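Below: one structure, written as structure tokens.
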There are 2 protein chains.
Amino acid sequence: MIFSRKTDYGLRALMYLAERRARGPVTLSEIAEKLMIPKAFLSKILQQLAKKGVVRSLKGPSGGFVLAVEPAEVTLQEILTEIDGPTRVFECFATEADCTFYSDCMMREVFGEVEDQIGAVLARYTLADFRYTDKPADSTAGKA
Amino acid sequence: MIFSRKTDYGLRALMYLAERRARGPVTLSEIAEKLMIPKAFLSKILQQLAKKGVVRSLKGPSGGFVLAVEPAEVTLQEILTEIDGPTRVFECFATEADCTFYSDCMMREVFGEVEDQIGAVLARYTLADFRYTDKPADSTAGKA
DNA sequence: CTGAATAGGACCGGTTGGGTCCGCTTTTCT
DNA sequence: AGAAAAGCGGACCCAACCGGTCCTATTCAG
Ligand code: SF4
Ligand code: SF4
């Protein structure tokens, strides 16, 4: 599986942050709770994203995370790369010496093509396409 | 990584078998040796392929493996599916209850699209496109 | 100064990928 | 019939990785 839970968590968190952008930093706890993501784990993901510059993190009280990019400006491909590293479909593990096919390998070619196609799809979407809409007050909680 | 060593080994073995098709069964040992694949491991892969009907296996002396399909008739997609199972790019692990996005999830959509694209590429090739050509007598062995 | 917040390192249990071993069965050859 | 040459298949093994936890250090608002 190319895209893991981490991918999912990270992307969802970014969607959430995109929505709250205007309203200042959002705490880890809030995101984790609303999105039902294990807090400690999400923390790691967000830290990573912070280092890559996708989000900004503010310490101290009234701190939290803020999206640092324009949602429509960052492609899904970029995001996934920052979370999971470049999308690798296959990696040739041999060298010229231990693979008969090395010098003219069809597989490397085809798998390269596959990777390109994936990239192409992923590049067509931006974070702005992934909208978070707040739940309309949980139905089990009596409202009316 | 979607495509593993197993994929690589299996596909290479099939390429080899495609070339030797006319000349009767090829033994596991021969394939393993020529292709530099761990014998016991390759055995497993070929067994699997035999059960799926891609190759036929003959026991006893003068036995071995024979390709059971027409190289040009079987797509890369089919082959890889038999070796590795269906090409899964992402699997949603949540249910309606634990993911806020469930009912209208963009990710599932996009990842589905990605899978389709991969399938499309893979379906464009057949085993016949993956040719094995015997090495022209190893260059280190003095020939001239 | 204190408390609320992130940063980050250590650690951990389960799964899986890659691979081995060995005894069993089938088939052919003499 | 028996020996030898194949494949069959189950048990096992190891290392890496994934998902996740925990604990301490740091930073900053009030
Ligand atoms: S076949 Fe191609 S990809 Fe596979 S090992 Fe040989 S060179 Fe690498
Ligand atoms: S976001 Fe979509 S894919 Fe991810 S868990 Fe929720 S429903 Fe499944």
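In what follows, chains carry the letters A, B, and so on, assigned in the order in which the sequence lines appear, proteins first and then strands, with residues in each chain numbered from 1. A quick note: this is a predicted structure, and the numbers were derived from the prediction, not measured.
One N or O on the side chain of Asp129(A) and one on the backbone of Thr126(A) form a donor-acceptor pair closer than 3.5 Å. Checking side-chain atoms of Glu33(A) against main-chain N and O of Glu30(A) turns up no donor-acceptor pair under 3.5 Å.
Contact record, Lys34(B) with Thr100(A): O-OG1, 3.4 Å, taken as the closest heavy-atom pair. Between Arg12(A) and Ile37(A) the shortest heavy-atom distance is NH2-CG1, 4.0 Å. When all heavy atoms of Ile83(B) and Thr7(B) are compared, the closest pair comes out as CG2-CA, 3.9 Å.
With Tyr16(B) as the partner, the ring-ring contact (aromatic ring centres under 6.0 Å, His included) test is satisfied by one option alone out of Phe65(B), Tyr132(B), Tyr9(B), Phe130(B): Tyr132(B).
No cation-pi contact links Arg88(B) to Phe111(B), judged by a cut-off of 6.0 Å to the six-membered ring centre and 45° from its axis.
Side-chain polar atoms of Ser29(A) and Lys39(A) form a donor-acceptor pair below 3.5 angstrom.
Here Phe93(A) lies out of heavy-atom contact (under 4.0 Å) with every strand.
How far CZ of Arg5(B) is from CD1 of Ile45(B): 11.0 Å, rounded to the nearest 0.5 Å.
Contacts of residues 80-90 of chain A with DNA chain D (heavy atom under 4.0 Å): none.
Look at Tyr9(A) and you'll find a side-chain N or O under 4.0 angstrom from OP1 or OP2 of dG20(D).
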Checklist entry - Where along nucleotides 5-17 of chain D does protein come under 4.0 Å, by heavy atom, of base (B) or sugar-phosphate alone (S), with - for untouched nucleotides? => result BBSBBB-------
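The span of DNA chain C lying next to chain B, judged by atoms under 4.0 Å from heavy atoms, is bounded 5' to 3' by dG18(C) to dT28(C).
A salt bridge links Arg20(B) with Asp134(B): the distance from a Lys NZ or Arg NE/NH1/NH2 to an Asp or Glu carboxylate oxygen falls below 4.0 Å.
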